[in-house]
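Chain naming here is simple, since letters A, B, ... match the order of the sequence lines and numbering starts at 1 in each.
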Number of protein chains: 2
Amino acid sequence: MTPTSNNGKTGISIPAATMERLPRYLMQLFRLRRKNCDSVNSQSLGEALGLKDTQIRKDLSYFGVFGKARYGYNVEYLIKAIESILGLTSEYNLAIIGVGNLGKALANYAVQVNSNFVLKLLVDTNPEIIGTTVADLPVRSMDDLPQLLSTQEIHIGIIAVPEKAAVDVANILVEGGVRALYNFSQAELHHIEGVFIENASISYGVYKLAHHLSGSWPRKK
Amino acid sequence: MTPTSNNGKTGISIPAATMERLPRYLMQLFRLRRKNCDSVNSQSLGEALGLKDTQIRKDLSYFGVFGKARYGYNVEYLIKAIESILGLTSEYNLAIIGVGNLGKALANYAVQVNSNFVLKLLVDTNPEIIGTTVADLPVRSMDDLPQLLSTQEIHIGIIAVPEKAAVDVANILVEGGVRALYNFSQAELHHIEGVFIENASISYGVYKLAHHLSGSWPRKK
DNA sequence: CTAATTTCGTGCATTTTATCTCGAATGACG
DNA sequence: CGTCATTCGAGATAAAATGCACGAAATTAG
């Protein structure tokens, strides 16, 4: 069986919560590979990620049989399998709109993360930023964005502009044919027909921490 | 009844999923306030956030009665109530560790978000950054961090350093008495006794989008 | 004042998610 | 080669979250 096959499980719908965890599994597997680990079992994987071992086995079981009794999972094989499940078999072109501090951080980030994501385009409105080079790419003018989108295919648009500009930027991207948006602005983007939207919600975590500190967050065991 | 009271619901444990949504409600309420809206009903709040109206009513009902039939919720009152639930009745001092692009972005962010969060400390290891001013604060040396933590109380430590340094930074913060960490590094931080940890996981969204684009993400209706 | 209508709050059904349990497979070891 | 310990896979069970449906409250209109 190849890692890409689904082991006859077609038709069964995968829990969204499971899909959410796969990137975390993948990241941890990359770390293990860097440490030259050949195999990993569900228990140690769980400990590294703060999850129960049964959770990991159940998650992986949706996609077929990856593990072996008394051995665990082969790291390399599982990486290939999860990459395949996540659709990391092809490349995705990224555009970052807004090259302030956050945009720059994301640009440098994007290069490291995974070679399946290729940063193609940086755009800003600020004349002082336009023309500078960030992550080996020139920053282009927002005015040129529609035209730039027509000359190269962008799969994922990363929105790193102030809240007020986010909706306009989203519309330009969608009109330019971008079908997936990763929104780092405070704006709430939803419900654009045929477009996948992921909201990063950077600031919410601090509220959760405030609540924890203030007293009575219901703890998980 | 004051917004802070629990309307006799003490003892009932609040679903974690509900707590996760409260910051989003709060943000949307801030937007409504800025637009001088006095009231909002569960339906329009739901539309703005991509949630069902029943979800919002149920969430709020855990904390008592905030709404009125044929009127909805008073924006100002609901803001006060949620702020109280989230523990935003006192101030929280923030330290940002790592003043690269991400740290700078977070520093400028933190100032806007909410006056309950007060940025007190910026720290980095890079001699070229140490001594510069970001968000009206001088960047201090990482070497001085333990000492700085002993002279002022920091409630929330924001980790914006490279993955390799994250665990060390976390340890220094915890030893310095910080009980809540917001981790923006790629490192997985878990299980520090008595410390609340929130992982921002900035890069995972792009994997989800890749999977969406590649085909068969199970859609929610 | 009464009826009509809107919108909340909440008990209950449904769906989704997490956890438990245990048989089966695998490799280690005598 | 047989026994033992380990670790997976997956069905059964428990827990959590969501969504429905309806009674009650409140406002408006006649």
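Among the protein residues, B:S42 comes within range of the sugar-phosphate backbone only, with heavy atoms under 4.0 Å from sugar or phosphate atoms but none that close to a base.
Look at CZ on B:R21: it is 11 Å from C1' on D:dA16, rounded to the nearest Å. Rounded to an integer number of Å, the gap from B:F66 CZ to C:dT10 C1' is 15 Å. The separation between B:Q43 atom CD and C:dT5 atom C1' is 14 Å, rounded to whole Å. Here the P atom of nucleotide D:dT7 and the CG atom of A:N74 are 16 Å apart, to the nearest Å. One can place CG of B:D59 at 10 Å from C1' of D:dT18, the figure rounded to the nearest angstrom. Rounded to whole angstrom, the span from the CZ atom of A:R70 across to the P atom of C:dG27 amounts to 10 Å. In this structure, the CG atom of A:D53 is 13 Å from the C1' atom of D:dG9, given to the nearest Å. Rounded to whole Å, the distance from CG on B:L60 to C1' on C:dT10 is 13 Å.
Using bins of under 30°, 30° to 60° and over 60° for the plane-to-plane angle, the ring pair A:Y207/B:F117 lands in the perpendicular bin. Ring geometry for A:H155 versus A:Y92: interplanar angle over 60°, hence perpendicular rather than tilted (30 to 60°).
Proximity of A:Q55 to the phosphate of C:dT19: a side-chain N or O atom is located under 4.0 Å from OP1 or OP2. In this model, the phosphate group of D:dG9 is approached by a side-chain N or O of A:Y73 to a distance below 4.0 Å at OP1 or OP2. Using a 4.0 Å cut-off, no side-chain N or O of B:Y62 falls inside it from OP1 or OP2 of D:dT18.
A:A160 and A:L106 get closest at one heavy-atom pair: CB-CD1, 4.2 Å.
Counting only N and O atoms by type, the side chains of B:D59 and B:Y25 include a donor and acceptor under 3.5 Å apart.
Both A:R57 and B:K58 lie close to DNA chain C; mapped to their nearest nucleotides by heavy-atom distance, the more 5′-ward contact belongs to B:K58. Closest-nucleotide positions on DNA chain C for A:A17 and B:G67 were compared, and the one nearer the 5' end corresponds to B:G67.
Taking only side-chain atoms of B:A69, from C-beta outward, the nucleotide of C:dT10, D:dT7, C:dT7 with the closest atom is C:dT7.
Salt-bridge check for A:R31 with B:E163: passed, with a basic side-chain N closer than 4.0 Å to an acidic carboxylate O.
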